[in-house]
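Here is how names work: the chains are called A, B, and so on, in the same order as the sequence lines, proteins then strands, and each is numbered from 1.
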Protein chains: 2
Amino acid sequence: MTHANRLSWKDVRDEIHDAILAGRYGPGDRLPRDADIAVEMNCARSTVQRAMQDLSDSGLVERRRKGGTRVRSEPVTRATLDIPITRREVEQKGGRYGHQLIRRTATDAPRSVLATFELTEPEPMLRVEALHLSDGRPYILEDRWISLRTAPEIRDVDLSAQSANEWLVLNKPYNRCDLRFYAISADPQTAELLQTDTGAALFVIERTTWIDAAPITTVKAITTPGYQLLTQS
Amino acid sequence: MTHANRLSWKDVRDEIHDAILAGRYGPGDRLPRDADIAVEMNCARSTVQRAMQDLSDSGLVERRRKGGTRVRSEPVTRATLDIPITRREVEQKGGRYGHQLIRRTATDAPRSVLATFELTEPEPMLRVEALHLSDGRPYILEDRWISLRTAPEIRDVDLSAQSANEWLVLNKPYNRCDLRFYAISADPQTAELLQTDTGAALFVIERTTWIDAAPITTVKAITTPGYQLLTQS
DNA sequence: TGACAAAATAAGTAGCTACATAATAGCGTT
DNA sequence: AACGCTATTATGTAGCTACTTATTTTGTCA
């Protein structure tokens, strides 16, 4: 073989990572410059650069031009979340997917929604309330606002055939996405729709998307009791 | 200037991204090969490669050797979460941080904890229950299990001076981290510790870390009512 | 001493080449 | 048709060079 002892950038990354784990570099310490590491590990600087970029992306290390690379003094837990389309989520868990359109209202956005989008001017919107089902039982209740200026085509979509969730994901790619997670107590209406008890603790996912500065949609997805969101890997 | 019209990999990325947004490539469609895009956009293949990698990381596109690049047919919402040390989180919100050690017990891990770590053999552990405070008021209640085999030094740490959260983050870097989010109803004990009402909806963050295959710690962090977790950006 | 300009520094990026690797497609044999 | 080998293909990676850019350090002059 031609290069058994050749280092890949992942090897370099792991070696530096291990050095930090082993305490050779502590929080706040400055690491040698890329070029020196390259010499020491007998590889190209570009290889070290890729390794360092990855460590920087994962939050272990901070890099600044001229300032060099240093171990983050107050490390963060950084994780990547994947949130699939609800239909796919249900099907992947082995359930049969279904959905019901509850209400569909064209109206101006209330102030709270405008604030979520960081807008100051009024905006015509479509409000869509829908229930996602797994094996015929409530799974997620969504309360969604869609900008009619950014996504006027939504007017002509039959939302009882295809959920707004799915139509938007397939037809309105976004640029920017904010997520927000928290817990609420089920109010009587919500409890009835989700077929659970008033006061039950429900996990909520709020998602807001934009294309450039233009608002697309904001949705409050209220999950049924027992729902868990996991990081993948 | 020397290169005003030179394309950076971010330009390439954005151009491809825009082409997808504009519908020139729909879900499932195959994109031209990197080399062709490079010719068309008059840049090096390595530049296209970097752009494509980024689009792939962000979940918009899937790449396979020989198979080429194609737009994900069922796109996911992918987001990065940063979870800081609790002390830092409190301080960043302008609060005064404090913490109380509630209980500290050395014992073998129960089956549920072993399962979380994907272990089958019994494991000696330290259980630490602690309360994080913001401006003297309850902020997060944590119920933590620490492996005494992987982190034996924890025995000698004064956990009323430094929280286990902080000591672990600074002294026990990890390789693998699983996160889990959900909602619970406050039971009477939890409610009392968090100074809230029994039955209140509480947002819970569970985090489990390993170094290679060895378990480090698993923690169930129960937040006070109103707590929200946001994606940054 | 302080302000500002110039030099030095270390990471970031672009381009090129060469080769590695995974996955597919094609072909021939039985 | 089923198999296994080989060739092909498109992405992935490593190395090199050259240049750019952000930031700090240093040096000079008022």
Side-chain angles (χ1 to χ4, degrees), chain A residues 1-17 19-20 24-25 27-73 80 233, chain B residues 1-17 19-20 24-25 27-73 78 80:
Chain A
M1 69 193 79
T2 65
H3 68 299
N5 46 6
R6 212 168 167 192
L7 289 176
S8 87
W9 67 268
K10 287 180 182 173
D11 297 331
V12 174
R13 177 196 61 188
D14 292 345
E15 202 151 318
I16 297 168
H17 189 94
I20 295 172
R24 290 212 281 128
Y25 302 101
D29 284 1
R30 182 166 169 181
L31 300 175
R33 10 196 284 260
D34 292 8
D36 291 346
I37 294 181
V39 170
E40 192 184 337
M41 300 183 58
N42 192 35
C43 65
R45 175 164 82 90
S46 50
T47 306
V48 178
Q49 155 79 15
R50 249 172 297 189
M52 287 300 203
Q53 264 304 334
D54 196 64
L55 291 170
S56 172
D57 287 346
S58 73
L60 187 64
V61 126
E62 272 172 333
R63 280 159 79 72
R64 280 166 61 191
R65 284 175 158 148
K66 165 86 183 181
T69 308
R70 44 188 65 225
V71 181
R72 274 182 93 112
S73 50
T80 301
S233 99
Chain B
M1 64 192 82
T2 65
H3 68 300
N5 46 5
R6 213 171 168 187
L7 289 175
S8 87
W9 67 267
K10 288 180 181 173
D11 297 332
V12 174
R13 178 196 61 187
D14 292 345
E15 202 150 318
I16 297 168
H17 189 94
I20 295 173
R24 289 213 282 130
Y25 302 102
D29 284 2
R30 182 166 168 182
L31 300 175
R33 359 194 294 258
D34 292 7
D36 290 346
I37 294 181
V39 169
E40 192 185 337
M41 299 184 59
N42 191 35
C43 66
R45 176 165 82 89
S46 50
T47 305
V48 178
Q49 154 78 15
R50 248 173 297 189
M52 286 298 200
Q53 265 305 333
D54 195 63
L55 290 172
S56 172
D57 288 347
S58 72
L60 187 63
V61 125
E62 270 172 333
R63 280 160 80 74
R64 281 165 59 192
R65 282 173 159 153
K66 165 85 183 179
T69 307
R70 45 189 64 226
V71 181
R72 274 182 94 113
S73 49
R78 185 165 291 176
T80 301

Q. Whole Å only: how far is the CZ atom of B:Arg33 from the P atom of D:dG12?
A. 14 Å

Q: For DNA chain D, find the residues of residues 56-72 of chain A with a heavy-atom distance under 4.0 Å and give them by number; none if there aren't any.
A: A:Arg64, A:Arg65, A:Lys66

Q) Listed by chain and number, what are the side-chain contact (heavy atoms from CB on, under 4.5 Å) partners of B:Lys10, not counting sequence neighbours? A) B:Ser8, B:Arg13

Q. Among residues 37-51 of chain A, which residues get a heavy atom nearer than 4.0 Å to DNA chain D?
A. A:Cys43, A:Ala44, A:Arg45, A:Ser46, A:Thr47, A:Arg50

(Q) Under the rule for salt bridge (charged side-chain N to carboxylate O under 4.0 Å, His left out), what residues qualify as partners of A:Asp29, not counting sequence neighbours? (A) none

**Q.** Results of side-chain contact (heavy atoms from CB on, under 4.5 Å) for B:Pro27 - residues two or more places apart only
**A.** A:Leu170

Q. How close or far is atom P of D:dG12 from atom CG of B:Asp34, stated in whole angstroms?
A. 7 Å

Q: Quick one: list whatever passes salt bridge (charged side-chain N to carboxylate O under 4.0 Å, His left out) with B:Arg50, sequence neighbours left out.
A: none

**Q.** Whole-Å gap separating P (C:dT13) and CE (A:Met52)
**A.** 15 Å

(Q) Once salt bridge (Lys or Arg N to Asp or Glu O under 4.0 Å) is applied, what residue pairs with a partner in residues 38-47 of chain B remain, sequence neighbours excluded? (A) none

Q) Taking CZ from B:Arg30 and P from D:dT9, how many angstroms apart are they, rounded to a whole number? A) 11 Å

Q.
Rounding to an integer number of Å, can you tell me how far A:Lys10 NZ sits from D:dG12 P?
A. 10 Å

Q) Is any side-chain heavy atom of B:Met52 closer than 4.5 Å to a side-chain heavy atom of B:Ile16? A) yes

Q) Roughly, in whole Å, what's the span from CD in B:Gln53 to C1' in D:dT13? A) 11 Å

Q | With sequence neighbours excluded, residues passing salt bridge (charged side-chain N to carboxylate O under 4.0 Å, His left out) with B:Arg63 | A | B:Asp34

Q: Measure from CZ on B:Arg13 to P on C:dG12 and round the result to the nearest Å.
A: 16 Å

Q: List in chain and number order the residues that pass salt bridge (charged side-chain N to carboxylate O under 4.0 Å, His left out) with A:Arg70, two or more places apart in sequence or in another chain; answer none if no residue qualifies.
A: none

